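Given the structure is predicted, the values throughout are model-derived calculations rather than measurements. Throughout, protein chains are lettered first and strands after them, A, B, ... in sequence-line order, and every chain is numbered starting at 1.
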Number of protein chains: 2
Amino acid sequence: MDIIEYRNHDRILLAVDCIIFGFDGRKLQALCIKRGIDPEKGRWSLMGGFVDCNEDVDTAASRVLKQRTGLADIYMEQLYCFGDVRRDSAGRVVSIAYFSLINIEAYSEQLQDNHEARWFDLEKMPSLIFDHEQMVVIAKKRLREKVATHPIGFALLPEKFTLPQLQNLYEAIYESPLDKRNFARKILSLGILNKLTEKEKQSSRKGAFYYIFDKDKYSALEQEGLKFT
Amino acid sequence: MDIIEYRNHDRILLAVDCIIFGFDGRKLQALCIKRGIDPEKGRWSLMGGFVDCNEDVDTAASRVLKQRTGLADIYMEQLYCFGDVRRDSAGRVVSIAYFSLINIEAYSEQLQDNHEARWFDLEKMPSLIFDHEQMVVIAKKRLREKVATHPIGFALLPEKFTLPQLQNLYEAIYESPLDKRNFARKILSLGILNKLTEKEKQSSRKGAFYYIFDKDKYSALEQEGLKFT
DNA sequence: CCAAAAGTGTTCCATCTACACCCATGT
DNA sequence: ACATGGGTGTAGATGGAACACTTTTGG
């Protein structure tokens, strides 16, 4: 199948690893899995798997995520290629890392029955295999950069969310507190949130109004490029 | 060598492709090469080559650049992994794209004798093989983002450069004109340029003072993160 | 009535933008 | 002397940061 000029080159195992971020309302979390194969069997790891010869790398990332967690149709973005010779102790494996954002509650059932997967608070992560800790560091950095200019953070929240919840999310991502008046003004001034009449009443006596993200209004603005926080 | 769990997975040809940006004082350029192998032999291409099993992907990128252009020790940064099944018409090849910044004049000798490589104005690029045009688009975007917060643009200029030259560079990268008073104020206020007493006299009667980039002063500031333009 | 979280405006300061004239010099 | 590109300052607008009190309601 391959033509002659390609024949004499090395072929390499290609993997994908997914950093899956979740948000529990207070802290950012990452989903880890107990590794089922040697080497390092039994240690914590990101969701990983190998890329097949006849599938796109992006497709492989989605497939691996689905196989390991049951999750499908979630936000995924390529992060970085990790290609050091010795990154995997058992052989040459180049890994393309992806990161995903999901709403923990909406997917908690799929995850429950499943696959030794567990959420860890980002500040209390276990030791991970290979270079997976480095992947998490880079993913956190990328998430911070991305969320400042794109409305991807909403993927971490339920469809209906309150301003305090949204602010908690940004505070968790930036790891620093925000002024609620400035935050509300800035985020509402973008005009991409729709206020509902319904209130969330669990977390306070007074209750906080729900909002939903208006994808259409955002798309209209998207062209000129915008600032979030 | 590989342990049993890794044996049954596909191995894939892994390539690197480099987008090399240069600046001639007026326009941004990219270095292209006439492809020497089939398929698509004779068409214009980015600098590419295969990753060996026993070399880091980053190392492969440097090696390929060196082999194809004679250039070494230049700014290089991983861009993106292109992994669609059909991106290469002759077989499954996943490519890790890198971009580089060089000062055209400083390397013109190495390039001259060499390798059918040629500079193209970014606005007059030839048709490129495979997905290489997409790589260039993404590289331009990344360059714009990166240059706004990191002093990598200096890699495109001679060691000594004038403010008008620097401004021309930013205008070329952003594809839009800048006000020279505002530009000078902002860039000088960062305190990372050292003014020389010498002037550049080719491009004007009056002459423009040379500056050099002060890497130490920049490193000191780097922590807090800074804005360029 | 009290505790706990939601909601809401204003002032100040820093930064960005727009804008025009004089300077130095080679021909 | 004049043409060419280099160098400089200011005023107005904009956006971000700091800051405190009132509202609601369940217990």
Provide, to the nearest angstrom, the distance between the [atom1] atom belonging to [X] and the [atom2] atom belonging to [N].
{"X": "B:Leu188", "N": "D:dG7", "atom1": "CG", "atom2": "P", "value": "10 Å"}
{"X": "A:Phe183", "N": "C:dA6", "atom1": "CZ", "atom2": "C1'", "value": "14 Å"}
{"X": "B:Arg181", "N": "D:dG7", "atom1": "CZ", "atom2": "P", "value": "14 Å"}
{"X": "A:Leu163", "N": "D:dT23", "atom1": "CG", "atom2": "P", "value": "20 Å"}

Can you work out whether B:Ser203 or A:Gly207 has the more 5'-proximal nearest nucleotide on DNA chain D? B:Ser203
Between A:Gln165 and B:Ser204, the residue closer to the 5' end of DNA chain C by nearest nucleotide is A:Gln165
Which nucleotide in the list [options] gets nearest to the side chain of [X]?
{"X": "B:Asn182", "options": "C:dT25, D:dT8, C:dA18", "answer": "C:dA18"}
{"X": "B:Lys180", "options": "D:dA17, D:dT25, D:dG6", "answer": "D:dG6"}
{"X": "B:Arg205", "options": "C:dG7, C:dA24, D:dG7", "answer": "C:dA24"}
{"X": "B:Ala208", "options": "D:dG7, C:dG7, C:dG9", "answer": "D:dG7"}
{"X": "B:Pro164", "options": "C:dG26, D:dG7, D:dA17", "answer": "D:dG7"}
{"X": "B:Arg185", "options": "D:dT8, C:dG7, D:dG9", "answer": "D:dG9"}

Examine the base of D:dG15 for any acceptor or donor lying under 3.5 Å from a partner atom in the side chain of A:Lys186, and report the outcome as yes or no. no
Does a nitrogen or oxygen in the side chain of B:Lys206 sit under 4.0 Å from OP1 or OP2 of D:dT4? no
Cationic tip of A:Lys199 within the cone over A:Phe209's six-membered ring, i.e. under 6.0 Å and within 45° of the normal? yes
Within the 6.0 Å centroid threshold, strictly below: B:Tyr80 and B:Phe82: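 Yes - the distance between ring centres of B:Tyr80 and B:Phe82 falls below the 6.0 Å cut-off.
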Side-chain donor/acceptor of A:Arg87 to backbone N/O of A:Val93, under 3.5 Å: yes
Let me confirm one number: the CZ-CD1 distance from A:Arg35 to A:Ile129, rounded to the nearest 0.5 Å. 4.0 Å
Touch class at under 4.0 angstrom, heavy-atom based, for B:Thr162 against every strand present: nothing
